[in-house]
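Presented below is the structure to which this report refers.
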Amino acid sequence: MTTTPQQDTQEPVTADARDTAEVGQGGGSQDGRSRGGGSGAWRARIQRAIRAAARPEPWKRGPVLAALALLLGLLMLLHARIPDGLKNVGSLVETFLPWFGLFVPVLLAGALWRRSASAVVALLLPVTVWVALFGGVLSDKSHPGGDLTVVSHNVGAGNPDPAGTARDLAASGADVLALEELTGQARGAYEKGLAKAYPYRAVKGTVGLWSKRPLSDTRTVDVAMLGLAGPLARNLSAEEKAATPRALRTTVATDQGPLAVYVAHLGSVRVNPKAGLSTSQRDDGAQKLGEAVAAEPNERVVLLGDLNGTTDDRAFAGLTSQLRSAQETAGDGFGFSWPAGFPVVRIDQILVRGVEPQSSWVLPDTGSDHLPVAARISW
């Protein structure tokens with residue numbers, strides 16, 4: 001009997017077939033597959049991903065998304081170089097700088113939808129910059145203890161219940177309490193509601209300080225206000241607007257020695273399409289306030305107030321170069337304080353020199369359009 005030799009035929013092996021073969025090498029039996037198949041499958045997936053990434057197509061997709069990601073990173077990285085001459089765009093960006101991080105997941109979703117490797121890689125820049133700028137803010141830096149609790153609150157000129165706000169503030173346990181945006185009509189309610197807890201007070205114009213410790217050497221601080229604006233000004237004449245103080249300085253007597261305390265309410269910021277961000281009065285006030293703090297002979301200084309701006313804003317460089325933010329030093333999170341219903345920025349500040357912030361936090365809503373801010377300091 002003659003046998004016809006069997007002809008060998010070979011078909012080309014595809015990449016998927018090779019991957020399947022590699023997986024099959026993990027074990028010839030069912031037990032072998034269960035032991036080695038898992039790692040083999042992962043190796044196959046990784047190899048497929050590497051091959052896919054090596055192709056030019058994913059890198060060519062989404063050039064606009066990649067460009068936007070790079071621009072976002074550069075915007076946050078170089079925010080201090082954005083000129084303020086064009087409608088104060090620089091200050092506007094710095095006021096809302098932390099919120100630019102929200103564009104990252106939006107761009108990431110677009111990059112994944114377009115399967116754009118270049119856009120995903122470009123997003124590393126804004127992520128790295130945001131983490132470098134604000135990553136430390138998200139951690140809890142507070143410590144137990146402290147010698148003095150200070151609270152600052154813009155009580156709101158349109159506050160419908162000043163007596164209720166006074167009760168809430170008296171219950172806060174603050175040793176020193178600063179109030180801004182006091183009106184003549186509401187001042188009596190605050191004086192009455194805080195009298196029992198705070199036997200000492202100093203009021204100048206629309207700002208005041210209530211204290212459990214004696215006060216002395218109280219005086220008005222010129223913050224270069226040419227006039228008032230906003231709800232505070234509605235019930236004042238033009239002469240009263242120009243003459244009403246918006247900042248004071250006083251000395252609080254403590255067991256560890258005198259503490260210089262400044263209370264300030266700087267000019268309001270207005271945003272409109274034609275003029276952009278209007279900050280001239282606030283910026284002038286910040287400069288004057290910085291000069292007053294620089295001339296302060298007392299080593300221990302606390303500044304409490306509504307500065308109508310964040311510490312990232314370049315307008316406050318004269319203050320932040322001398323004083324530290326209690327929230328940034330000893331807070332937990334951003335400590336946003338305005339608007340009270342949905343806070344998006346921290347414009348109410350507690351800045352210190354010569355004392356150590358131990359903790360910083362935001363108090364609950366009191367009926368004002370601002371939230372109170374608090375800090376515990378030690379010597």
Side-chain angles (χ1 to χ4, degrees), residues 79-80 82 84 88 90-98 133-134 137 150-154 176 178-181 204-207 209 219-226 245-252 259-269 277-331 334-338 345-357 360 362 370 372-375 377:
H79 65 88
I82 299 174
D84 232 0
N88 291 311
S91 285
L92 184 62
V93 168
E94 289 168 337
T95 297
F96 297 99
L97 193 59
L133 289 173
F134 304 112
V137 177
V150 297
V151 168
S152 177
H153 189 27
N154 180 325
V176 174
L179 303 186
E180 304 89 45
E181 209 162 283
K204 296 288 185 182
T206 63
V207 296
L209 189 76
R219 60 180 182 270
T220 298
V221 177
D222 176 21
V223 289
M225 289 297 297
L226 301 177
R246 302 255 294 196
L248 65 81
R249 182 263 183 218
T250 191
T251 300
V252 179
L259 175 70
V261 177
Y262 288 77
V263 183
H265 183 194
L266 297 185
S268 298
V269 172
L277 189 71
S278 176
T279 65
S280 57
Q281 287 196 346
R282 184 206 65 180
D283 296 351
D284 290 344
Q287 181 179 348
K288 288 287 188 180
L289 193 56
E291 293 170 358
V293 172
E296 172 60 51
N298 199 323
E299 294 180 0
R300 295 169 176 166
V301 177
V302 173
L303 168 60
L304 307 166
D306 173 9
L307 303 188
N308 271 308
T310 71
T311 53
D312 293 315
D313 196 318
R314 67 195 68 183
F316 301 104
L319 286 170
T320 55
S321 63
Q322 306 179 69
L323 306 171
R324 292 186 296 160
S325 165
Q327 180 67 25
E328 293 176 8
T329 305
F334 289 99
F336 295 145
S337 63
W338 182 88
V345 292
R346 183 182 177 91
I347 60 176
D348 301 275
Q349 308 292 347
I350 299 176
L351 307 179
V352 302
R353 181 183 79 191
V355 295
E356 191 64 34
S360 179
V362 177
H370 292 244
V373 294
I377 61 174

Can you list the steps and then say if F334 with V137 is a side chain to side chain contact (heavy atoms under 4.5 Å, CB included)?
CA-CA 6 Å; F334 289 99; V137 177; 3.7 Å; yes
What one should report as the nearest heavy-atom pair of L304 and V302 is CD2-CG1, 3.7 Å
d(T320 OG1, R314 CZ) to nearest 0.5 Å is 12.5 Å
Between H79 and V93 the two heavy atoms that sit nearest each other are CB-CG1, 4.5 Å
Next on the checklist: Is the shortest side-chain heavy-atom distance between V176 and V151 below 4.5 Å?
Outcome noted: no
Nearest heavy-atom approach of V221 to A292 is CG1-CB, 4.0 Å
Query raised in the report: Between R353 and E296, is there a side-chain N and carboxylate O pair less than 4.0 Å apart?
Result: no
d(T310 OG1, D348 CG) to nearest 0.5 Å is 12.0 Å
Checklist entry - Is there side-chain contact between N308 and H265, with heavy atoms separated by less than 4.5 Å? => result yes
- Query: So do the side chains of L319 and L303 get within less than 4.5 Å of each other, counting heavy atoms only?
  - Reply: yes
Checklist entry - Heavy atoms, side chains only, cut-off 4.5 Å: are L248 and Y262 in contact? => result no
Query raised in the report: Are the side chains of R282 and D313 in touch, meaning some heavy atoms are under 4.5 Å apart?
Result: yes
Within the structure provided, determine whether V345 and F96 are in side-chain contact (heavy-atom separation under 4.5 Å).
yes
Nearest heavy-atom contact between S360 and A326 is CB-O, 3.5 Å
### Task
Inspect the surroundings of CD in E291 and state if more than 12 heavy atoms from other residues, nucleotides or ligands are less than 6.0 Å away.
yes
Heavy atoms of R346 and S337 approach each other most closely as CA-OG, 3.7 Å
Interatomic distance, CD1@I347 vs CG@L307, rounded to 0.5 Å, equals 9.0 Å
Minimal heavy-atom distance between A315 and D283, with the atoms involved, is CB-OD1, 3.2 Å
So CD of E328 and CD of Q349: to nearest 0.5 Å the spacing works out to 7.5 Å
Determine whether V261 and L209 make a side-chain contact, defined as any pair of heavy atoms from C-beta on separated by less than 4.5 Å.
yes
Value for CG (L259) from CD1 (I377), rounded to nearest 0.5 Å, stands at 5.5 Å
Partner of R246 under side-chain contact (heavy atoms from CB on, under 4.5 Å), picked from D222, V223, V263, is V223
- request: Report the C-alpha separation of E356 and R324 in whole Å, then their side-chain angles, then the decisive distance to 0.1 Å, and conclude whether the salt bridge (Lys or Arg N to Asp or Glu O under 4.0 Å) test is met.
  value: CA-CA 9 Å; E356 191 64 34; R324 292 186 296 160; 3.2 Å; yes
Here the gap from L289 atom CG to L323 atom CG, rounded to the nearest 0.5 Å, amounts to 8.5 Å
*Is there a side-chain contact between D306 and L266, using heavy atoms and a 4.5 Å cut-off?*
no
Ignoring hydrogens and angles, tell me if any N or O in the side chain of T251 forms a donor-acceptor pair with the backbone of A260 under 3.5 Å.
no
